[in-house]
Amino acid sequence: MKQNDILSKEEFSNYYNPILKSYSDSFKTMVKPLDSINEFIYGNNDFKTVDKITLLAESSTDKYFNSLIFRTLGVREIIHCRESKEKLNILSTWNLITRSIRIIPTDFTISSIGSQGFLSIPIYKMDTSLQAFDFIRLHIWDDSINKYIDLKKCNNFSIHSHSFFAKSWIITGKIKNDRYDFLTNSLNSTHSFFEVVYNNSINEVNQHSSKAINKNINTELLKISEEIHFKNGYYEISPSSLHRSGHLNSPLASATFFSFTGKDGLGESFVIGPKDITQSEVNRKRSISPIYLLNKIDKQL
């Protein structure tokens with residue numbers, strides 16, 4: 001039996017709050033507290049096999065417990081494979097995560113448009129410190145969500161960096177990832193650095209709206225590579241590294257599991273946009289049901 005086939009009470013307890021943060025506030029009022037769940041799963045034991053925990057969820061009538069368990073097992077597999085450099089079983093993980101979404105009311109799932117034009121569904125957030133920061137989301141690109149997006153604004157401010165190391169696993173479709181470098185105060189400058197400021201009315205894990213403000217640092221953008229990644233592949237982005245990603249699978253959908261972690265170093269998050277724009281506000285559509293897109297991707301898989 002592999003070490004990852006056993007889930008201890010201590011490890012499950014450590015997952016509980018970061019998993020809970022990925023759900024809406026309504027879900028948190030329905031799911032049982034950690035002590036009660038631990039008693040149900042473990043009793044007087046400190047360990048349980050993943051198979052037995054899965055069977056408990058499949059036989060339980062408590063859909064909130066079941067959703068929490070399926071999501072925990074899926075996220076745990078993502079983190080395990082990321083940290084051990086093992087290949088992620090995309091289909092198995094997809095089935096766990098999507099089961100966690102399907103079995104609860106739609107409004108219990110946080111699902112909104114990200115600034116880069118994809119549907120973003122958080123599934124895990126550990127934010128006790130920058131070094132321990134760990135944020136995992138399901139990203140979906142599809143033509144059907146374009147009606148919620150200002151495509152011009154999205155394109156203008158699509159080149160960006162992250163504070164954290166990022167890794168993206170392709171579930172289905174075709175993902176393009178362009179990498180950039182820059183020269184400041186160049187005679188050929190067409191862009192500038194922008195500071196992104198979020199409003200006060202934001203969700204704990206998905207931003208509601210943001211404003212990009214020009215910092216007046218003239219910049220020449222230099223594209224240094226173009227990458228295309230396919231189903232079962234992955235790509236990584238180092239902290240502070242400029243990139244722009246999107247999908248090339250229209251009219252079909254593309255989807256990824258995307259993770260940020262502070263465990264592999266910290267950097268600077270910034271956005272680069274056209275220098276002649278003073279500021280630009282992005283409002284993100286919230287509460288978009290993902291079920292249609294999950295069904296579409298199931299057919300692709």
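With no hydrogens or angles considered, a side-chain donor-acceptor pair links Thr172 and Gln300 at under 3.5 Å.
Between the side chain of Ser161 and the backbone N or O of Phe270 there is at least one donor-acceptor pair closer than 3.5 Å. Under the 3.5 Å distance criterion, the side-chain polar atoms of Ser60 are matched with a main-chain donor or acceptor of Asp62. Remark: side-chain polar atoms of Ser59 are paired, donor with acceptor, to backbone N or O of Leu56 under 3.5 angstrom.
Centroid-to-centroid, the aromatic rings of Phe135 and Phe164 stay 6.0 Å apart or farther. Aromatic ring centroids of Tyr23 and Phe108 lie 6.0 Å or more apart. Checked against the 6.0 Å centroid threshold, Tyr42 and Phe47 do not count as a close aromatic pair. Phe260 and Phe258 have their aromatic ring centers within a separation under 6.0 angstrom. Not less than 6.0 angstrom separates the ring centroid of Trp169 from the ring centroid of Phe257.
Remark: Asp181 does not engage Lys223 in a salt bridge, criterion side-chain N to carboxylate O under 4.0 Å. Classification of Asp298 and Lys296 as a salt-bridged pair fails, no side-chain N sitting under 4.0 Å from a carboxylate O. Note on Glu195 versus Lys215: no salt bridge recorded, every NZ/NE/NH1/NH2 to OD/OE distance being 4.0 Å or above.
At least one side-chain heavy atom of Ile78 sits less than 4.5 Å from a side-chain heavy atom of Ile123.
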Between Lys299 and Asn295, does a side-chain contact (heavy atoms from CB on, under 4.5 Å) hold up when you go through it step by step? CA-CA 6 Å; Lys299 291 179 181 178; Asn295 292 341; 5.5 Å; no
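When the options Arg244, Arg179, Lys174 are evaluated for a salt bridge (Lys or Arg N to Asp or Glu O under 4.0 Å) with Glu227, the one that passes is Arg179.
Other residues sharing a hydrophobic cluster with Phe165 under the 4.5 Å side-chain heavy-atom criterion for ILVMFWY residues do not exist; the residue is a singleton.
If you chain together hydrophobic residues whose side chains sit under 4.5 Å apart, Phe70 and Ile41 fall into the same group.
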